[in-house]
2 protein chains.
Amino acid sequence: MVNGRTPSVKDVARSAGVSLGTVSNVMNRPEVVSPSTRERVERAMAELGFVRNESARQLRAGTSRTLAYVMLDGSNPFFHDVAQGIELAAEEADLSLFICNSNGRADREEVHLDRLMQQRVQGILITPVNPEAPHLAEISRRGIPVVIVDRVGVGGAFCSVAVDDVLGGRIAVEHLAEQGHTRVAVVGGPESIGQVRERLEGARQIWAELGLPPDDLIYLPTAALTVAEGRSAGERLAGIPARRRPTAAFCANDLLALGLLQQTIGAGLRVPEELAIVGFDDIEFAAAAAVPLTSVRQPRQELGRAAAQLVLDEATNPDHHHHQQPLFVPELVARASTVVRSRAY
Amino acid sequence: MVNGRTPSVKDVARSAGVSLGTVSNVMNRPEVVSPSTRERVERAMAELGFVRNESARQLRAGTSRTLAYVMLDGSNPFFHDVAQGIELAAEEADLSLFICNSNGRADREEVHLDRLMQQRVQGILITPVNPEAPHLAEISRRGIPVVIVDRVGVGGAFCSVAVDDVLGGRIAVEHLAEQGHTRVAVVGGPESIGQVRERLEGARQIWAELGLPPDDLIYLPTAALTVAEGRSAGERLAGIPARRRPTAAFCANDLLALGLLQQTIGAGLRVPEELAIVGFDDIEFAAAAAVPLTSVRQPRQELGRAAAQLVLDEATNPDHHHHQQPLFVPELVARASTVVRSRAY
DNA sequence: CACGCCGTATGAAACATTTCAACGATCGTT
DNA sequence: AACGATCGTTGAAATGTTTCATACGGCGTG
């Protein structure tokens, strides 16, 4: 602070009249140093404005104090809620959380993973572009714990934390069927996204089990899971002549559902009377839509928290840790977008 | 990779039959090493699965490769858009971005800043809980560039990037007045948040300048800038007898506006016929609301990008860098929530 | 009184990299 | 043939911590 250079332990030691090691002890095992010298050292630190150099600490100690989360889509609030859950767990373990965003691009994901390896982070949580990503296996083999979030890891090579997307699709469509709908649109895509595939799969399963004709479950593909794509699907839907038009739609996530809702209302359809809508994720804005959105709730924060706990377990006792893939159970939250006689929120 | 330990430059050097320094050169100034040995070293790296240890690099080189953004409210998409802008600029400069979230709590902010100092990040972008934060001055004095985002720094001690919130409040209310409204609610709070203070201030200014009676600009305070608080304000608003009820509301941000919109529609008011609504920020969900929301647009990404550029400038030539506080000009985006005869989106 | 023990403090080694002065070899020039 | 210059490579020093074996001094015990 005095002469430009940031002070080091050495400066503190000199100023407090003790040795290097003692200063380190004050920071890392205060109980072994006598109260009087401890106090002297602490005063010196404060005076000099000493700030521990984390790089040096990490280099020597070999252990980093950060977790990382590589998220799939920064514009989807769902992932931020997951991140929030992770952060809570990280905070409890006194770790920092590094948040990256692949935005669905495998190349961005790769450069982020690369950097995280160089940083020697203590563990990596990731919602991968492609859950078979060979990088991940490689990273895990190197001894860095990896847990997959919101997807089930393949072959039990990692821990993963997810909700049962197939089940989610089932309860969504079952709910619509219970409301008497017999012609339903399922909207989502691209099918390269595993979550989409499984949610739609669940929808088809229950539809078949209910004995409804396959042709009355109409697939409206989208190019992405965004509000804009939801609107575009809404246009197509509203364009169908009324007598053949589905009376309900199940969207693969809430962003799509919100876009669809906006578009169809704009086109003059009444929701839910003429078109019932179910989304997926139950993000905060689902409840806040002008016609509050029925949605399949994922325990978003809980997902993140559980994932963080798994990664920490693996990090702290790598020996007798065994991978697990807990599946959370999604839950339907019925709101005005599907239920005609709803009480106000 | 072979025997557990991750390989170091030393291992690579031995395996390639060159010296330590040469390996380093291959990584940092490939042009000085002859193609043949370079290729040999690179092959050795690949074979061993070498991953450079960033801590050691940083310790020796003295320079870190990361920026950090401490955001104010992780549940507000606005800040994520800002972060996205920062990330883009960081990517161009080949830096990583560390994102933290203070959630409006000064104590969380402080622990994050502390950690960032220990990491010796190259620069800190922050939307502070309190822009006078003495920590920030201290950090800046230590030589770590700090730029304040979405607030104007006090006393020119830092760079800052913000929009003119007062102006934003003015154009919002001016727009309402142009639509013929003469009794308007302004909703927002707490006033400890600078952005809120200034937006409301702008509203009052223009109201007075237009010669409208102060009592007809009704202040509805809220405890936070959230959807839930928006709903609660909506309840209060809807509870006012129709003849005394404001015909329009200006909300200090979009989350409030969305909550207000939902609540008042639920209570049976027609928007915009019986109640016009203007928000602030123009987050993506504003356009996607069932009644698309008129809002004061901030150049969200641009804000982040500009901030990142300032911090980088200060980091790269600290000597003849001079602080600046660019103010962006907000822009009204009129949508259906204020304009009766709107075309569909 | 000798001994061992306990609570503290010490100093050197180690961590993985970058940097830099120095060195040897090759080659063109005089 | 001697001399510089150029090019590529080397080895050692330095970065700021933590860790660990060791030293020291005082005290209770046998």
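So you know, we letter chains A, B, ... as the sequences are listed, proteins then strands, and number each from 1.
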- Any salt bridge between B:Asp150 and B:Arg300, counting N to O under 4.0 Å? no

- Message: What contact category does A:Ser55 fall into here, base, sugar-phosphate, or nothing, at under 4.0 angstrom with non-hydrogen atoms?
- Response: nothing

- Item | Spacing of B:Glu31 atom CD relative to D:dT6 atom C1', expressed in whole Å | 16 Å

- Task: Give A:Ser8 one of three labels, base, sugar-phosphate or nothing, depending on what nucleic acid heavy atoms sit under 4.0 Å from its own.
- Result: sugar-phosphate

- Query: Quick one: A:Lys10 NZ to D:dT18 C1', roughly how many Å, whole number?
  - Reply: 14 Å

- Hey, are the side chains of A:Arg105 and A:Val129 touching, using non-hydrogen atoms and a 4.5 Å cut-off? no

- So what does B:Val23 hit on the nucleic acid, given a heavy-atom distance under 4.0 Å: a base, only sugar-phosphate, or nothing? nothing

- Query: Does the pair A:Arg38/A:Glu31 count as a salt bridge with the N-to-O cut at 4.0 Å?
  - Reply: no

- Item | Residue mapping more 5' on DNA chain D - nearest nucleotide basis, B:Leu59 or B:Ser19 | B:Ser19

- Task: On DNA chain C, check which nucleotide each of A:Pro35 and A:Gly21 is closest to and give me the residue with the more 5' one.
- Result: A:Pro35

- A:Asn25 vs B:Val9, nearer the 5' end of DNA chain C by closest nucleotide: A:Asn25

- Would a line drawn from the ring center of A:His322 to the ring center of A:His320 be shorter than 6.0 Å? no

- Message: Taking atom types as they are modelled, would you say the side chain of A:Arg60 forms a donor-acceptor pair with the base of D:dT18 within the 3.5 Å cutoff?
- Response: yes

- Message: Any base atoms under 4.0 Å from A:Ser24, or only sugar-phosphate, or nothing? Heavy atoms, all strands.
- Response: base

